[in-house]
Enquirer: 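Let me begin by handing over the structure; questions about it come next.
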Amino acid sequence: MVCVVCHESQFKAPGRRRSRAKGKGDKRPVALQCGHVFHRPCIEGWFRSSGLSDCPMCYKSHTGPLITLFVDCEPGSATDAPASASKARRAVPDYTDEMDEIIDEMSQMVFRTDDAAMAYVSQRQTEFMEERLADATELNRHYKRKIDKLEFESGTQLRKTEEKYQEAADRLEEAELRAEWLQCEVTRLARISAAHKTHIRSLQIHLEDRKDILRELGYEY
């Protein structure tokens, strides 16, 4: 059985004492009138912090002295298993059901208005939100790295595309200049051809005149 205040085994084996880091005092289990069992210093600390004498589990008011339980157990018995399991759970926390636990605690404390209960719920909510914020921050860094990588790759691809476009533009400009030069050559050759045709026609006329003169002189051509 585990104390819900400190999450340690309520029934310690003989000779086991509370460490100085956790404070002094007898950790013998005590029972309230409602029947729930806690460590004496744990429940007394709960009463002092809340300013009330309500059970942390069922919130029923307790009156009168605490009922001390005298239970002995052998070292290494099964009664220490909950503490070991609790420590293992604390060593590797399960964040999957943490929100459900907080909701359960809030539903149990919904009718309580004392400062200790509200402070406890607020602390749990703050811890949960800080853990979720850390997860969200890490996820944000992950996606930021992916975005930077994609931007770098897209920038590289864009530069290659711009280089190919510039190369194509240079080739097009060169082709246009060559086409313009060829058009000029065609125009020049056309003028030369026209001049040759005029000269040939002139020579033909001159030849016909010579033929006429030879006929008049009696020469047959």
Side-chain angles (χ1 to χ4, degrees), residues 1-140:
M1 186 179 295
V2 177
C3 175
V4 299
V5 179
C6 66
H7 300 285
E8 292 186 358
S9 175
Q10 294 180 357
F11 304 110
K12 295 287 185 179
R16 297 182 64 177
R17 297 180 179 177
R18 191 179 186 183
S19 63
R20 294 181 179 179
K22 295 183 179 179
K24 298 180 180 180
D26 185 10
K27 294 197 69 174
R28 286 184 179 275
V30 293
L32 304 183
Q33 291 176 341
C34 60
H36 291 122
V37 181
F38 311 92
H39 292 134
R40 177 180 291 276
C42 295
I43 192 61
E44 289 176 349
W46 173 269
F47 289 163
R48 286 194 301 270
S49 63
S50 64
L52 301 172
S53 57
D54 294 346
C55 174
M57 298 183 68
C58 65
Y59 306 110
K60 290 182 179 180
S61 179
H62 174 79
T63 57
L66 300 173
I67 304 171
T68 304
L69 302 180
F70 297 92
V71 180
D72 291 332
C73 59
E74 295 298 329
S77 63
T79 55
D80 290 332
S84 300
S86 178
K87 292 180 180 178
R89 286 194 296 271
R90 291 198 300 273
V92 184
D94 183 9
Y95 297 109
T96 305
D97 300 327
E98 188 169 354
M99 179 57 80
D100 294 337
E101 294 176 4
I102 293 177
I103 293 173
D104 292 340
E105 293 171 358
M106 291 180 65
S107 63
Q108 293 174 3
M109 294 187 176
V110 68
F111 297 108
R112 297 191 60 183
T113 58
D114 56 282
D115 295 339
M118 299 304 296
Y120 178 73
V121 174
S122 177
Q123 180 183 1
R124 290 297 306 277
Q125 289 178 325
T126 301
E127 292 174 355
F128 177 78
M129 295 306 297
E130 287 176 350
E131 291 168 358
R132 298 289 77 76
L133 178 61
D135 294 341
T137 303
E138 181 60 28
L139 187 62
N140 184 51

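Basis for what follows: all heavy atoms, side chains included, without hydrogens, waters or symmetry-related copies.
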Enquirer: Between W46 (side chain) and P41 (backbone), is there a donor-acceptor pair under 3.5 Å?
Expert: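 Checking the backbone N and O of P41 against the side chain of W46, no donor-acceptor pair under 3.5 Å is found.
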Enquirer: Quick one: NE2 on H39 to CD on E44, what's the gap to the nearest 0.5 Å?
Expert: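 It is 12.5 Å, given to the nearest 0.5 Å.
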Enquirer: How long is the gap from NE2 on H62 to OG on S53, to the nearest 0.5 Å?
Expert: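 If I round to the nearest 0.5 Å, the distance is 7.5 Å.
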Enquirer: With a 4.5 Å limit on heavy-atom distance, are the side chains of M57 and V4 in contact?
Expert: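 The answer is yes, as the side chains (C-beta and beyond) meet within the 4.5 Å cut-off.
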Enquirer: Would you say the side chain of C3 lies within less than 4.5 Å of the side chain of I43, judging by non-hydrogen atoms?
Expert: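 A side-chain contact is absent here, since even the closest heavy-atom pair is not under 4.5 Å.
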Enquirer: How long is the span from the CZ atom in R40 to the OG1 atom in T68, to the nearest 0.5 Å?
Expert: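 With rounding to 0.5 Å, CZ (R40) is 4.0 Å from OG1 (T68).
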Enquirer: Go through the steps for L32 and F38 under the test side chain to side chain contact (heavy atoms under 4.5 Å, CB included), then give the verdict.
Expert: CA-CA 8 Å; L32 304 183; F38 311 92; 3.6 Å; yes
Enquirer: Can you list everything that forms a side-chain hydrogen bond (donor to acceptor under 3.5 Å, both in side chains) with E138? Sequence neighbours excluded, please.
Expert: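 E138: side-chain hydrogen bond (donor to acceptor under 3.5 Å, both in side chains) contacts with R141.
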Enquirer: Return the minimal non-hydrogen interatomic distance between D54 and S61, and the atom names on each side.
Expert: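 So the two residues come closest at OD1-CA, 3.6 Å.
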Enquirer: I want to check something: taking the side chain as every heavy atom from C-beta on, are L133 and T137 in contact at a cut-off of under 4.5 Å?
Expert: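 Of all side-chain heavy-atom pairs linking T137 with L133, at least one is under 4.5 Å.
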Enquirer: Run the side chain to side chain contact (heavy atoms under 4.5 Å, CB included) check on H36 and C58 step by step: do they pass?
Expert: CA-CA 8 Å; H36 291 122; C58 65; 3.6 Å; yes
Enquirer: Excluding sequence neighbours, so at least two apart, what forms side-chain contact (heavy atoms from CB on, under 4.5 Å) with A31?
Expert: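 So A31 forms a side-chain contact (heavy atoms from CB on, under 4.5 Å) with V37, I67, L69.
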Enquirer: Using the test side-chain hydrogen bond (donor to acceptor under 3.5 Å, both in side chains), find all partners of T63 that sit at least two apart in sequence or belong to another chain.
Expert: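 So T63 forms a side-chain hydrogen bond (donor to acceptor under 3.5 Å, both in side chains) with Q33.
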